[in-house]
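Bear in mind the structure is a predicted one, so any value in this text is a computation, not a measurement.
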Amino acid sequence: MNIIKIEKSNQELKLSLFESNLTLIESNAFKDLSTTNFYMQSLLRKHNIKKVLLVVHDKCKNSVEMTFAEEENSFFIT
């Protein structure tokens, strides 16, 4: 199972994709949610990923949310 970590701040969203052993596969930064979600969907198809642990760290709210995503419709953040 892969891990996607998303760090949200006022200025940007940073998405990092890791293998299960925490080896970084890809990382990129975005300005909005729709672009981040689109990129995440393309990464999943590119690497043929079916399941991920989705970790969203909202720096503004000082909160962390973790979700196990297995269906294509669950690979979105809000």
Side-chain angles (χ1 to χ4, degrees):
M1 175 177 24
N2 295 79
I3 301 162
I4 294 178
K5 177 180 137 188
I6 297 176
E7 295 177 60
K8 295 168 80 174
S9 68
N10 286 335
Q11 294 79 25
E12 68 180 7
L13 295 107
K14 182 180 176 190
L15 184 147
S16 301
L17 172 64
F18 298 91
E19 291 181 1
S20 58
N21 64 2
L22 298 181
T23 302
L24 181 64
I25 299 173
E26 287 191 43
S27 182
N28 210 333
F30 304 95
K31 297 289 181 196
D32 60 64
L33 281 173
S34 59
T35 306
T36 306
N37 283 324
F38 179 79
Y39 180 75
M40 185 167 31
Q41 292 294 315
S42 66
L43 272 182
L44 299 172
R45 289 185 182 102
K46 177 181 175 182
H47 295 285
N48 197 28
I49 296 171
K50 303 293 182 203
K51 295 186 233 180
V52 298
L53 175 62
L54 183 59
V55 180
V56 180
H57 177 202
D58 190 329
K59 293 181 177 184
C60 299
K61 295 180 181 177
N62 195 26
S63 67
V64 176
E65 182 181 314
M66 294 192 301
T67 308
F68 178 70
E70 195 167 15
E71 298 174 12
E72 187 172 324
N73 291 336
S74 60
F75 292 107
F76 289 96
I77 59 168
T78 56

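Applying the ring pair (Phe, Tyr, Trp, His ring centres under 6.0 Å) criterion to F30, with sequence neighbours excluded, gives Y39.
The CG atom of L17 lies 4.5 Å from the CD1 atom of I49; values are rounded to the nearest 0.5 Å. Interatomic distance, CG of L15 versus OG of S27, reported as 7.0 Å (0.5 Å rounding). Atoms CZ and CG, on F68 and L54 in that order, are 11.5 Å from each other to the nearest 0.5 Å. For the atom pair OG1 (T35) and CD (E12), the distance works out to 12.5 Å, reported to the nearest 0.5 Å.
Counting heavy atoms from C-beta outward, N2 and V52 have side chains that approach closer than 4.5 Å.
Residue pairs meeting the side-chain hydrogen bond (donor to acceptor under 3.5 Å, both in side chains) criterion with at least one member in residues 54-64, sequence neighbours excluded: E7-K59.
Contact between C60 and S9 at its shortest, heavy atoms only, is SG-C, 4.0 Å. Between T36 and D32 the shortest heavy-atom distance is OG1-O, 2.8 Å. Of all non-hydrogen atoms in K31 and Q11, the two that sit nearest each other are CD-O, 3.6 Å.
Residues L33 and L43 share a single hydrophobic cluster, defined by chaining ILVMFWY side chains whose heavy atoms lie under 4.5 Å apart. By the rule that hydrophobic residues join a cluster once side-chain heavy atoms approach within less than 4.5 Å of another member, V64 and L53 end up as members of one cluster. Note on F38 and I6: separate hydrophobic clusters, where clusters join Ile, Leu, Val, Met, Phe, Trp and Tyr whose side-chain heavy atoms are under 4.5 Å apart, directly or indirectly. In this structure, M66 is a member of the same hydrophobic cluster as I3, with clusters built from ILVMFWY side-chain heavy atoms closer than 4.5 Å.
The local environment of NZ in K8 is crowded, with over 12 non-hydrogen atoms from other residues, nucleotides or ligands closer than 6.0 Å.
At least one donor-acceptor pair closer than 3.5 Å links the side chain of N37 to the backbone N or O of I77.
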